Structure formats: structure tokens, C-alpha cells
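Written out below as C-alpha cells is the structure these notes cover.
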Amino acid sequence: MGFPENFSLKSIELNEKRVIRDAIHDYIHVDHLIIWRLINSQEMQRLRRIKQLGGTYQVFQSAEHSRFVHSLGVYQVVRRMLETECLSNALNDYDKLCVMCAGLLHDIGHGPFSHSFEGVFGGNHEDMTVKMILEDSEVHHILSSFYEKLPQDVASIIQHTHPHHILIQMVSSQLDADRMDYLLRDSYMSGTTYGHFDMSRILRTMRIRDGKIVYKESGVQAIENYILARYHMYWQVYYHPTARSYEHLLQCVFQRVKDLYREGYDFQTQLDYLIPMLENRVQVQDFVDLDEAVVLYYFKEFRHEKDFILSDLASRFLNRHLFKYMQLKNLDDLKRIKDIAKDKGYHPDYYIVSDNQKQIPYLHYGESGELSEIEILDSEGSLSPLPMKSEIVSAILNSKRFKSDQKVFFPKEIKDELSIF
Ligand code: NI
């Protein structure tokens, strides 16, 4: 079969197609052997052991879903996009295969408790995803044994360098399969309804103009609903202060391990899985070995370390003795809060954390560079950016009062001392 021009998806269809039952999309359809093999690769199966929402389940107790099921969901949304008339005609079969693989694999480079982990050990999950696709991994082998250029073509969609912009837009833009799946899924799994929106309507109003995905004007309300869904999910779920508290505590444990290792502290715990990270020489295979099962095991071990800070933080983490929090009015207060913590015997580097969360619901031209704008096609056939066609989005952009939230997190034991702030 000639790649890419004469390749036909039909030629690689499974005799017996597979379906996976799913809470969000009802059925996830697997029609091609290569997709089935990728799903069963060790890098994809590893995502079963990494939670989609990190510590959010400490607040929304049912939000325990994994990155594995989200990845299947993104693949399924891509597949549904490909079934629309406009995309089905605009793309050849090889591009369709590439974008299905990219949707499925877009998150394989996430570490355990992703954001806290990256915060301490550095690295970036997108770069790691690309590395895993291009270097020595089972996923790489499956892709390259199918067609030698396939790993590069799939990776370039994730890296935003693929020459075909439509494919990038499908997987990673302001309105893409990734966001659509995670909003619907995270909202369903957390038991909140903020993330709900009409995906079928959005897909029906998709069109292709000038080599880009655009949306018919009749889809504007559904898109507004999606933008608000995202905005509300951020404030109600993703940035929930208790979830942040959990992530900070986690980050403090990682930071303590990193600092102790650097100081030459004699760990009782065998750190084999963490050493490549601690020594900043992590290879794809080392990374594949790291998942939340390993990290949680370490945390249980750390409870028995001689270092008090490490054992205390690890116990707090496992027993959900999270840090308390309050609004931080100015940065001078932070210094005083740290002094009080120090007086009370809590090392401020590991027991006092502050953060400032901001979220911009929609990026207009100039704010994020390439391809970010959602474009609306009117009945005369001309294109305008979403804020020109949506009062709501334009009002949000013009308000200049993007919500931000600055908080400081501290151990419960010094709550009374801090009540003066
Ligand atoms: Ni994702």
C-alpha cells in the first residue's frame, strides 16, 4: 500500500471491530488493528495508573478516573470529527490515521501526579510524549513497524509542526478533542454539571475554510456554552483550594526528597525508580516505570525515614491532613507568615506555600500566537473571530477583570497564630 497517497484505511480494518463501553461517549469504536495495538502498549496501559485530575479526588471524591480512559475519549472525539462530512472529505486516509493516533497518544508523557511532579523535577509532558513516540518505546515500535514515517507524522501533530493545520486544530487548539473530552468527563466524574455542553451541535457546525476548521454562525451558542463550561470547571473544580492544597503538599514531599538527595542524606528507602529523575538523566524507559503506584509506595516508605520533615509530610499526604489555606492579601504578609511558621518549628520552605491562580477563558489574537482563534463563518461566507460574533465572549474579554486567586497554604497547627492576617 502506497503511503501516504494511496493508503486506504479500509485495507487495515479489523475483521471484527471492537467497542469499549464508556460513561461519556457510550461506545468507543476501534476499527483498526494499529489502534488496538497502541491501546494495549505498555505506555498506554501505564496511564491506567495515573489519575486524570491528580489530587482533585481529595475534594470531589468520585473523580478517580485515569488518563487512560481520557485518552480513549479523545481518540473517540477525533473519530467522531472524522465522521463529519467536512472532515471526511478534507483529509486523506493517511492523515486520518495520523490524527487518530495523535489523539490517542497525546498524554502518554504525563508523569505521576503530573503537575506537582513537573513542578519539582522539571520537564514537560508534551516534550516527553514526543520523545516517547520518536524514541525507544513500544508505541514507537508499533507506529514505525506500520510505516517508518508514522512516528514523526504523529509527533508533529502534538508538537504543532505538522504542515496540515486541521490535524493540529483537532487535537490541540482552543476547541479540540482533548478539551471536549476532559470537560465532559471531569464534570461527569466529579459529579458537577458545569462542564456540560452540546458537543454534537459543535461538531455539526464545523466547516473547512482556507485549510482551517471554522464553525457556522448557528453554532455560536453551543461554543459559548463550551467556553463558559471551561471557565466554570476551572474555578469550581480544577482550582478548588483543597485540591491545590493537596498538590502543594505533594510538591513539598518531592521537594524534600530532592533536597535531601542533593545533600547526600542516607535514605533508608531504595530510591531506584526516582534516581534518574533526581540525577536529571531520565530516559524514556525510566519514565515509563514511574507511575502513581510507585510514588504512593515511596510515600508509605518515607513515613519511616529518620528525617522528620519528610516522614511528617508523607504521613500528612497519605492521611489527608492537608494544609489549610487563606487569602493572601499582599506579599509582605507572606514573609511574616513564614516567620511565624519558623518560630513554631515548621520549616517555611516545606510548610508554607503560596500560589496565584489565573485563568483566561478565551485567547484573542496576539495572546497565544498561532492558530488559536475560533473562527465563525457567516451566511455570506466571511470569517470573523469568535468575540466579534459572541456578545458573551466579547464581554468576558473586555471586562479586564479576569478572576485571579492568591492563597497561602500552611499546616493546620498554626491556624490560630495566623488568624491575625
Ligand atoms: Ni488530554
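Counting starts at 1 for both ligands and their atoms, in listed order. The structure displayed is predicted, hence computed values, not measured ones.
Looking at D127 and K131, no side-chain N of the basic residue comes within less than 4.0 Å of a carboxylate O on the acidic one, giving no salt bridge. Ion pairing between R185 and D22 holds under the 4.0 Å rule for side-chain N and carboxylate O.
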K10/D93 under salt bridge (Lys or Arg N to Asp or Glu O under 4.0 Å): CA gap, chis, key distance, verdict: CA-CA 9 Å; K10 199 99 200 117; D93 275 12; over 6 Å; no
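Distances from the Ni ion (ligand 1) to the N/O/S atoms of D107 are shortest for OD2. For H70, the N/O/S atom at the shortest distance from the Ni ion (ligand 1) is named NE2.
Here the Ni ion (ligand 1) is the vertex; the NE2 atom in H106 and the OD1 atom in D178 give an angle of 90° (to 10°).
Contact annotation: the side chain of R244 never approaches that of E247 to less than 4.5 Å [non-hydrogen atoms, C-beta and beyond].
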